[in-house]
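Residue numbers begin at 1 in each chain, while the letters A, B, ... track the order of the sequences. Only this structure's heavy atoms are used, side chains among them; waters, hydrogens and symmetry mates stay out.
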Number of protein chains: 2
Amino acid sequence: VTTLCIAGLGLMGGSLALALRQAAAGDDDAPSAFAPERIVGVTRNPRTLAAALAAGAIDAGTTDLAEGVSAADVVVLATPVRAILRSLPEVGRAAKPGAVVLDMGSSKQEICAAMAALPAGVQPVGGHPMCGKEVAGFDAADAGLYRGRVFVLCPLERTAPEALAQAERLAAAVGARTLVMDPATHDRAVAAISHLPYAASVALVNAVDARGDAAAWRLAASGFRDTTRIAACDVEMMLDTLLTNRRAVLAWLDAYAGELDALRRALADEDEAALRAHLDRARARRANHVFP
Amino acid sequence: VTTLCIAGLGLMGGSLALALRQAAAGDDDAPSAFAPERIVGVTRNPRTLAAALAAGAIDAGTTDLAEGVSAADVVVLATPVRAILRSLPEVGRAAKPGAVVLDMGSSKQEICAAMAALPAGVQPVGGHPMCGKEVAGFDAADAGLYRGRVFVLCPLERTAPEALAQAERLAAAVGARTLVMDPATHDRAVAAISHLPYAASVALVNAVDARGDAAAWRLAASGFRDTTRIAACDVEMMLDTLLTNRRAVLAWLDAYAGELDALRRALADEDEAALRAHLDRARARRANHVFP
């Protein structure tokens with residue numbers, strides 16, 4: 001790879017640039033298999049551009065997407081999902097023949113469908129690194145963000161094996177583990193373990209907020225802190241994510257409402273055996289799961 | 001205080017013993033105002049007793065509650081709520097005249113009502129330190145557990161000011177901040193920020209588990225990890241807590257179901273403005289809250 005273009009220099013794009021810099025500067029015996037000579041950053045925000053340049057995360061920057069994309073061998077789209085969808089036609093027109101176009105959006109079906117319409121010379125790969133945070137923006141970028149995390153890749157039917165391999169090398173260079181998956185499986189899975197928990201967190205905060213219980217906020221400790229952490233996630237990103245993964249999220253919300261209602265009934269009926277069964281099942285499942 | 005009796009040597013009771021030992025051993029200029037000469041531990045589990053003795057957390061131990069309580073100036077009940085309720089009559093019969101009886105149960109109305117029936121010579125104080133964890137047992141005990149945490153105290157009408165002051169000194173000795181509150185306000189507040197989030201966590205794990213989505217568990221990252229952490233809490237403790245705080249928990253579960261349903265409707269209708277309002281409200285409230 002000679003030139004990498006990263007469109008979007010927030011938490012994900014900024015961290016990718018910093019992580020690749022760190023990999024390039026590393027004194028590993030085995031040099032990274034993905035080492036761009038040049039990183040070009042694209043963002044609409046001139047202050048972000050200046051910050052990324054000052055931090056040495058990028059070699060050059062532009063607010064013009066087509067300009068940034070035109071010289072790149074690999075293009076990474078690191079904006080919220082609907083911004084990716086809006087930018088794909090322009091990326092397709094500007095990209096060099098043979099360029100790999102990888103995205104990092106949180107839902108994959110709509111993006112992979114749109115990628116299928118890219119010009120034949122472009123090599124699209126859907127991607128989603130599992131490393132969200134409740135902080136956003138280049139200021140929150142962190143060279144270690146991808147280390148040890150799962151990086152889902154969704155190649156299209158038209159994607160050449162070498163393009164997929166390129167995306168895998170990029171993920172490996174920043175310390176992530178790749179997992180190839182089809183977009184529908186991905187979207188159902190992240191709706192369960194990311195979008196549903198986000199909705200649950202948002203509703204928790206809003207329920208407590210709506211009833212204005214001052215004592216509750218004074219007593220809030222680590223349990224409430226952790227169950228609601230992701231309610232502070234970037235709203236633009238999550239709005240795009242929920243709206244582009246609507247069907248899967250609605251299905252999980254229904255399953256969740258059913259579980260909550262069953263638990264509520266057991267408590268209302270003082271059915272200790274049923275209540276215990278709910279708590280035992282969750283405890284056993286959760287305590288035995290090993291997170292990456 | 002000459003002798004302190006701690007009934008229950010799990011996470012809470014064990015940590016209390018270790019924290020008081022650490023305070024006594026501290027080379028602070030100001031010695032702790034609560035420094036028992038002798039700590040007696042009570043637990044039904046002989047292995048726990050042996051572990052607490054071996055760790056130097058207690059000076060003496062017994063599996064007999066009345067024996068442990070009889071010599072104590074201060075008795076701390078550190079078992080699940082219903083075990084506290086069951087033990088109060090025996091504690092009342094065995095306690096020395098003038099002994100302070102403080103509990104650390106997670107709900108306060110039933111316990112404080114039962115404490116009102118203790119013999120007149122006993123000084124009851126309801127208590128609840130806000131420092132739950134998803135681990136349990138003496139092995140998880142930690143001398144730093146109470147440091148910087150809120151310790152709610154619920155004195156009864158009959159509680160003498162000196163007995164409340166004694167409980168306040170105990171909390172201060174282990175680094176906690178006391179907050180005096182009536183039992184109903186406490187129970188409503190903890191239902192909101194502890195028992196509801198626990199139910200939400202349990203239902204999240206069970207919803208994902210019930211639909212058997214293997215890909216979901218493979219992708220589960222920090223968002224799912226944190227929103228479901230407390231689903232791994234000790235089941236006996238939480239069962240007692242939910243059942244003895246049933247009315248408040250049911251009210252919050254209803255408020256929560258309402259918030260979830262409103263969010264679901266906004267998403268189902270693709271009502272972006274309404275959805276954004278939900279997310280914005282939660283984000284602003286959560287991001288601005290400072291946890292202790």
- Task: Let me know if A:V135 has heavy atoms under 4.5 Å from chain B in its side chain, its backbone, both or neither.
- Result: neither
- Test side chain to side chain donor-acceptor pair (under 3.5 Å), reference B:N245, set B:R188, B:E110, B:H195, output is B:H195
- Item | Part of A:A210 within contact of chain B (heavy atom distance under 4.5 Å) | both
- Which one, A:L279, A:D226, A:N206, leads in non-hydrogen pairs under 4.5 Å with chain B? A:N206
- Using a cut-off of under 4.5 Å for heavy-atom pairs, which of B:A192, B:A282, B:A284 has the most such pairs with chain A? B:A282
- Message: I'd like to know if A:D182 pairs up with A:K108 as an ion pair, taking the criterion as any Lys NZ or Arg NE/NH1/NH2 lying under 4.0 Å from an Asp or Glu carboxylate oxygen.
- Response: no
- Which atoms of A:C233 approach chain B - backbone, side chain, both or neither, heavy atom under 4.5 Å: backbone
- Task: Heavy-atom distances under 4.5 Å only: say whether A:A255 touches chain B with side chain, backbone, both or neither.
- Result: both
- Contacting region of A:V150 [heavy-atom separation from chain B under 4.5 Å]: side chain
- With a 4.5 angstrom heavy-atom cut-off, which part of A:I230 approaches chain B: side chain, backbone, both or neither? side chain
- Query: So, do A:M104 and A:L16 sit near enough that their side-chain heavy atoms are less than 4.5 Å apart?
  - Reply: yes
- Might you work through the salt bridge (Lys or Arg N to Asp or Glu O under 4.0 Å) test for B:R286 and A:D209, ending with a clear yes or no? CA-CA 10 Å; B:R286 178 57 177 76; A:D209 188 42; over 6 Å; no
- Query: What part of A:R218 lies closer than 4.5 angstrom to a heavy atom of chain B: side chain, backbone, both or neither?
  - Reply: both
- Measure B:A215 against the heavy atoms of chain A and call it side chain, backbone, both or neither at under 4.5 Å. both
- Can you say whether B:L263 sits under 4.5 Å from chain A via the side chain, the backbone, both, or neither, judging by heavy atoms? side chain
- Is any side-chain heavy atom of B:E236 less than 4.5 Å from a side-chain heavy atom of A:R276? yes
- Inter-residue atom distance B:Q109.CD - B:C154.SG, 0.5 Å rounding: 9.0 Å
- Task: Kindly assign one of parallel, tilted or perpendicular to the pair A:W217 and A:F224, based on the angle between their ring planes and the thresholds 30° and 60°.
- Result: perpendicular
- Note on the structure: One should read off an interatomic distance between A:D142 CG and A:R147 CZ, to the nearest 0.5 angstrom, of 7.5 Å
- Per-residue contact mode, B:L253 against chain A (heavy atom under 4.5 angstrom): side chain
- Item | Atom CZ of A:R211: over 12 foreign heavy atoms under 6.0 Å | yes
- Highest number of heavy-atom pairs under 4.5 Å with chain A: which of B:G223, B:A214, B:A200? B:A200
- Top contributor to chain A interface from B:T185, B:L179, B:V152 [non-hydrogen pairs under 4.5 Å]: B:L179
- Taking every non-hydrogen atom, the tightest pair across B:Y256 and A:A203: CE1-CB, 3.5 Å
- Message: Can you tell me which of B:V190, B:V235, B:L242, B:D234 forms the most heavy-atom pairs within a distance under 4.5 Å of chain A?
- Response: B:V235
- Note on the structure: Among B:S222, B:A287, B:S194, B:A199, the residue with the most heavy-atom pairs under 4.5 Å to chain A is B:S222
- Please determine, among A:T227, A:V208, A:V205, the option with the most heavy-atom pairs under 4.5 Å with chain B. A:T227
- Query: Using non-hydrogen atoms only, which part of A:L204 is less than 4.5 Å away from chain B: side chain, backbone, both, or neither?
  - Reply: both
- Message: Less than 4.5 Å to any heavy atom of chain A: does that hold for the side chain of B:D213, its backbone, both, or neither?
- Response: side chain
- Message: Only pairs of heavy atoms separated by less than 4.5 Å count here; which of A:C131, A:A268, A:G258, A:A189 has the most with chain B?
- Response: A:A189
- Heavy-atom contact with chain B under 4.5 Å, split by part of A:H278: both
- Query: Once you round to the nearest 0.5 Å, how far does CD1 of B:I193 lie from CH2 of B:W252?
  - Reply: 10.0 Å
- Message: To check you understand the geometry: which heavy-atom pair defines the closest contact between B:G126 and B:D103, and what is its length?
- Response: CA-OD1, 3.2 Å
- Message: Quick check: closest heavy atoms across B:V81 and B:S106, and the distance to 0.1 Å?
- Response: CG2-N, 3.5 Å
- Heaviest contributor of heavy-atom pairs below 4.5 Å to chain A, chosen from B:L239, B:D254, B:L196, is B:L239
- Over all heavy atoms of both residues, which pair between B:A167 and B:V125 is shortest? Give the atoms and the distance, please. CB-CG1, 4.1 Å
- Item | Engaged part of A:A266 at the chain B interface, taking heavy atoms whose separation is under 4.5 Å | neither
- Against chain B, work out which of A:V202, A:L275, A:L267, A:L243 has the most heavy-atom pairs shorter than 4.5 Å and name it. A:L267
